[in-house]
Amino acid sequence: MDPPFEEKYKSLLTNGTLLSKDKDDVIMSDYEEHELPIIDLHRLTLSSSEREHCVKEIRQAAREWGFFQVVNHGIPQEILERIQLEQRKLFHHPFSKKAEENILNLSENNGYRWGNHTATCLGQISWSEAFHIPLTDISKIGGEYKSLRESIEAYAATAEKLAKEMTEILAENLDVSSTYFQENCLPETNYLRMNRYPPCPFYSEVFGILPHTDSCFVNVLIQDQIGGLQLWVNGEWISVKPHPEALLINLGDLFQALSNDVYKSIRHRVVLASKQVERLSLAYLYCPRNDAVIESGKKPSIYRKFTFEELMKQNSRDIEETGHKLGISRFLM
């Protein structure tokens, strides 16, 4: 069921050369583990003073970390367990079926991807596979994948509410129209990205996913307890300690631009755990319509206004030309 990583990267793995000695290329799984801020969202339903304290904690965590954990988030455990089960079943199909057949009937190039086909050194290898699913395509998923479709529908409905609540709380003090997210971020404009990091015999030499930022407003992330997520904080990589009852929330490039850098889209990566263990994660990417205009209400603005479609097209060009995206730095004044 695993992609043919060793065959694809044979020459790179044999030569064993890194791109440079930059910190991004130093792959270590034993960085000190940090537990990110944990916020109990039940407090948002209590007294006005308790809600106010909770909101302050959310904004502080977003400013200081760009990532935070939430518990009592409103998504039932049975929904989380079911979609993780369906995700595992999907990835455990034979590789040939995943890669050659559009098994989910998706509109965007099958939706399945693996590795980094432009890698020229160990530091550019991504030892992972993913299904990138536009939520506009959910209704097309059928046949033997009916239970997968139903689990996605149930999860997406609850994750969308959580993402919307987080964005509205974070945007309250940013001079953003109160109807901005309601008008621009619709259930069908969001994406689900299912990730799998297969066991890797070279786990100390290659990445699961290369350092990057997310392009969305916010990402609601389910991850298992294997670990491997690392954040770039204060000039160094730190490892994130998984919490068994929490979901991860992280801010993307769009929120950094919309907030005029009040909030930051933090670079992150995944390192691999061992030769024997697979890792799974699932990202709900809260995105706007393609024609949504991203413009900060705070002046002077650091970024020129742009649309989501412009950002995504620029990302594609950057990846094709340089091997990685440059994100919102392309839109600096």
Margin query: ring pair (Phe, Tyr, Trp, His ring centres under 6.0 Å), that's the test. Do Phe67 and His34 meet it? Break it down for me.
Written below: CA-CA 12 Å; Phe67 277 73; His34 288 69; over 10 Å; no
Item checked: Electrostatic pair Arg289:Glu183 at N-O distance under 4.0 angstrom -> no
Notebook entry, point to check: Which heavy-atom pair separates Asn260 from Pro300 by the least distance, and what is that distance?
Noted result: ND2-O, 3.1 Å
Notebook entry, point to check: Can you tell me if Gln256 and Tyr303 form a side-chain donor-acceptor pair at under 3.5 Å?
Noted result: yes
Check: When you check the side-chain N and O atoms of Asn190 and Glu160, is any donor under 3.5 Å from an acceptor?
Finding: no
Margin query: Using side chain to side chain contact (heavy atoms under 4.5 Å, CB included), reason through Val293 and Asn184 one step at a time and then give a plain yes or no.
Written below: CA-CA 9 Å; Val293 176; Asn184 289 289; over 6 Å; no
Note to self: Taking the side chain as everything from C-beta on, heavy atoms only, tell me whether His73 gets closer than 4.5 Å to His42.
What the structure shows: no
Notebook entry, point to check: Are Asn116 and Ile125 close enough that some pair of their side-chain heavy atoms sits under 4.5 Å apart?
Noted result: no
Margin query: If the threshold is 4.0 Å, N to carboxylate O, is there a salt bridge linking Lys161 and Glu165?
Written below: no
Item checked: Main-chain N/O of Leu36 paired with Gln69 side-chain donor or acceptor, under 3.5 Å -> yes
Next item on the list: Look at Asp2 together with Arg196 and state whether they make a salt bridge at an N to O cut-off of under 4.0 Å.
Entry: yes
Checklist line | Check against salt bridge (charged side-chain N to carboxylate O under 4.0 Å, His left out), Glu153 and Arg149 | finding: CA-CA 6 Å; Glu153 289 171 338; Arg149 185 193 72 229; 3.6 Å; yes
Item checked: Derivation of the side-chain hydrogen bond (donor to acceptor under 3.5 Å, both in side chains) call for Glu320 and Ser316 -> CA-CA 6 Å; Glu320 185 176 341; Ser316 296; over 6 Å; no
Checklist line | Pair Glu310, Gln314: side-chain N/O donor-acceptor within cut-off below 3.5 Å | finding: no
Notebook entry, point to check: Would you say the side-chain atoms of Asn315 pair up with the backbone N or O of Lys325, donor to acceptor, closer than 3.5 Å?
Noted result: no
Note to self: Just to verify, which of Leu229, Val271, Leu272, Asn195 counts as forming a side chain to side chain contact (heavy atoms under 4.5 Å, CB included) with Arg279?
What the structure shows: Leu229
Notebook entry, point to check: How close do Pro199 and Lys275 get, heavy atom to heavy atom, and via which atoms?
Noted result: CB-O, 3.0 Å
Margin query: Less than 3.5 Å apart, any donor N or O on the side chain of Thr213 or Asp253 sitting next to an acceptor on the other?
Written below: yes
Next item on the list: From the options Ile103, Leu104, Ile138, select the one residue that forms a side chain to side chain contact (heavy atoms under 4.5 Å, CB included) with Leu148.
Entry: Leu104
Next item on the list: Treat each ILVMFWY residue as a node, draw an edge where side-chain heavy atoms are under 4.5 Å apart, and state whether Tyr191 and Met194 are in one component.
Entry: no
Margin query: With a 4.5 Å cut-off on side-chain heavy atoms, are Leu254 and Phe306 touching?
Written below: yes
Next item on the list: For Ser301 and Gly297, indicate whether the former's side chain and the latter's backbone hold a donor-acceptor pair under 3.5 Å.
Entry: no
Note to self: Starting from Tyr286, can I reach Phe308 by hopping between I/L/V/M/F/W/Y residues whose side chains sit under 4.5 Å apart?
What the structure shows: yes
Margin query: Tell me if a side-chain donor or acceptor on His268 pairs with a main-chain N or O of Ile266 at a distance below 3.5 Å.
Written below: yes
Notebook entry, point to check: If every non-hydrogen atom of Lys264 is compared with every non-hydrogen atom of Leu251, which pair is closest and at what distance?
Noted result: O-CB, 4.0 Å
Next item on the list: Could you tell me which residues satisfy side-chain contact (heavy atoms from CB on, under 4.5 Å) with Ala99, sequence neighbours excluded, listed by chain and number?
Entry: Phe95, Tyr112
Notebook entry, point to check: Any ion pair linking Lys140 and Asp137 (charged N to carboxylate O, less than 4.0 Å)?
Noted result: yes
Item checked: Salt-bridge criterion met for Glu168 and Arg59 (N-O under 4.0 Å) -> no
Next item on the list: Under the side chain to side chain contact (heavy atoms under 4.5 Å, CB included) rule, what do Ile83 and Leu282 come out as? Steps first, then yes or no, please.
Entry: CA-CA 9 Å; Ile83 195 167; Leu282 191 150; 3.8 Å; yes
Notebook entry, point to check: Is the closest basic N to carboxylate O distance between Glu295 and Lys299 below 4.0 Å?
Noted result: yes
Checklist line | Any donor-acceptor N/O pair, Ser126 side chain to Ser128 backbone, under 3.5 Å | finding: no
Check: Taking all non-hydrogen atoms of both residues, which atom of Val220 and which atom of Ala163 are closest, and how far apart?
Finding: CG2-CB, 4.0 Å
Next item on the list: Report yes or no: does His212 contribute a side-chain atom to a donor-acceptor pair with the main-chain N or O of Leu210 at less than 3.5 Å?
Entry: yes
Next item on the list: Answer yes or no: is there a donor N or O on one side and an acceptor on the other, between the side chain of Lys98 and the main chain of Met1, under 3.5 Å?
Entry: yes
Item checked: Electrostatic pair Glu86:Lys89 at N-O distance under 4.0 angstrom -> yes
Next item on the list: Flag the pair Lys56 and Glu52 as a salt bridge only when some basic side-chain nitrogen lies within less than 4.0 angstrom of an acidic carboxylate oxygen.
Entry: yes
Check: Looking at residues at least two apart in the chain, or sitting in another chain, which of them share a ring pair (Phe, Tyr, Trp, His ring centres under 6.0 Å) with Phe5?
Finding: Trp114, Trp127
Notebook entry, point to check: Without hydrogens or angle criteria, can the side chains of Ser239 and Glu33 be said to hold a donor-acceptor pair below 3.5 Å?
Noted result: no
Check: Does any non-hydrogen side-chain atom of Leu90 lie less than 4.5 Å from one of Tyr145?
Finding: yes
Next item on the list: Using a 4.5 Å cut-off on heavy atoms from C-beta on, say whether the side chain of Thr14 contacts that of Tyr9.
Entry: no
Notebook entry, point to check: Do the non-hydrogen side-chain atoms of Asn250 and Val218 ever get within less than 4.5 Å of each other?
Noted result: no
Note to self: Run the side-chain contact (heavy atoms from CB on, under 4.5 Å) test against Glu188 and tell me which residues pass, sequence neighbours left out.
What the structure shows: Thr136, Leu186
Check: Is the shortest heavy-atom distance from the side chain of Leu46 to the side chain of Arg51 under 4.5 Å?
Finding: no
Margin query: When you measure from the side chain of Thr189 to the backbone of Cys287, do you find a donor-acceptor pair of N or O atoms at a distance under 3.5 Å?
Written below: yes
Notebook entry, point to check: How is the hydrophobic cluster of Ile226 composed, in terms of its other members, when Ile, Leu, Val, Met, Phe, Trp and Tyr link through side-chain heavy atoms under 4.5 Å apart, directly or indirectly?
Noted result: Val277
Check: Shortest non-hydrogen contact from Arg267 to Trp237?
Finding: O-CZ3, 3.8 Å
Margin query: Testing the basics here: between Leu12 and Leu122, what is the closest heavy-atom pair and its distance to 0.1 Å?
Written below: O-CD2, 3.5 Å
Note to self: With a 4.5 Å cut-off on side-chain heavy-atom distances among I, L, V, M, F, W and Y, is there a chain of contacts connecting Leu285 to Ile328?
What the structure shows: no
Distance-only criterion, 3.5 Å: show the donor-acceptor pairs between side-chain atoms of residues 74-81 and protein atoms not counting sequence neighbours.
unit_1 : atom_1 : unit_2 : atom_2 : d
Gln77  : NE2    : Glu81  : OE2    : 3.4

Check: Have Glu278 and His92 got a donor and an acceptor in their side chains that come within less than 3.5 Å?
Finding: yes
Check: Checking Ser259 side chain against Phe255 main chain: does a donor-acceptor pair fall under 3.5 Å?
Finding: yes
Checklist line | Co-members of Ile38 in a cluster of I, L, V, M, F, W and Y side chains, linked at under 4.5 Å | finding: Val71
Notebook entry, point to check: Is there side-chain contact between Leu221 and Ser281, with at least one heavy-atom pair below 4.5 Å?
Noted result: yes
Margin query: Applying a strict under-4.5 Å side-chain criterion to I, L, V, M, F, W and Y, I'd like to know whether Ile294 and Leu332 cluster together.
Written below: yes
Next item on the list: Just do the side chain to side chain contact (heavy atoms under 4.5 Å, CB included) check on Val206 and Cys200 with the steps written out, would you?
Entry: CA-CA 9 Å; Val206 301; Cys200 176; 3.8 Å; yes
Notebook entry, point to check: Salt bridge check: are Glu150 and Arg82 linked by an N-O gap of less than 4.0 Å?
Noted result: yes
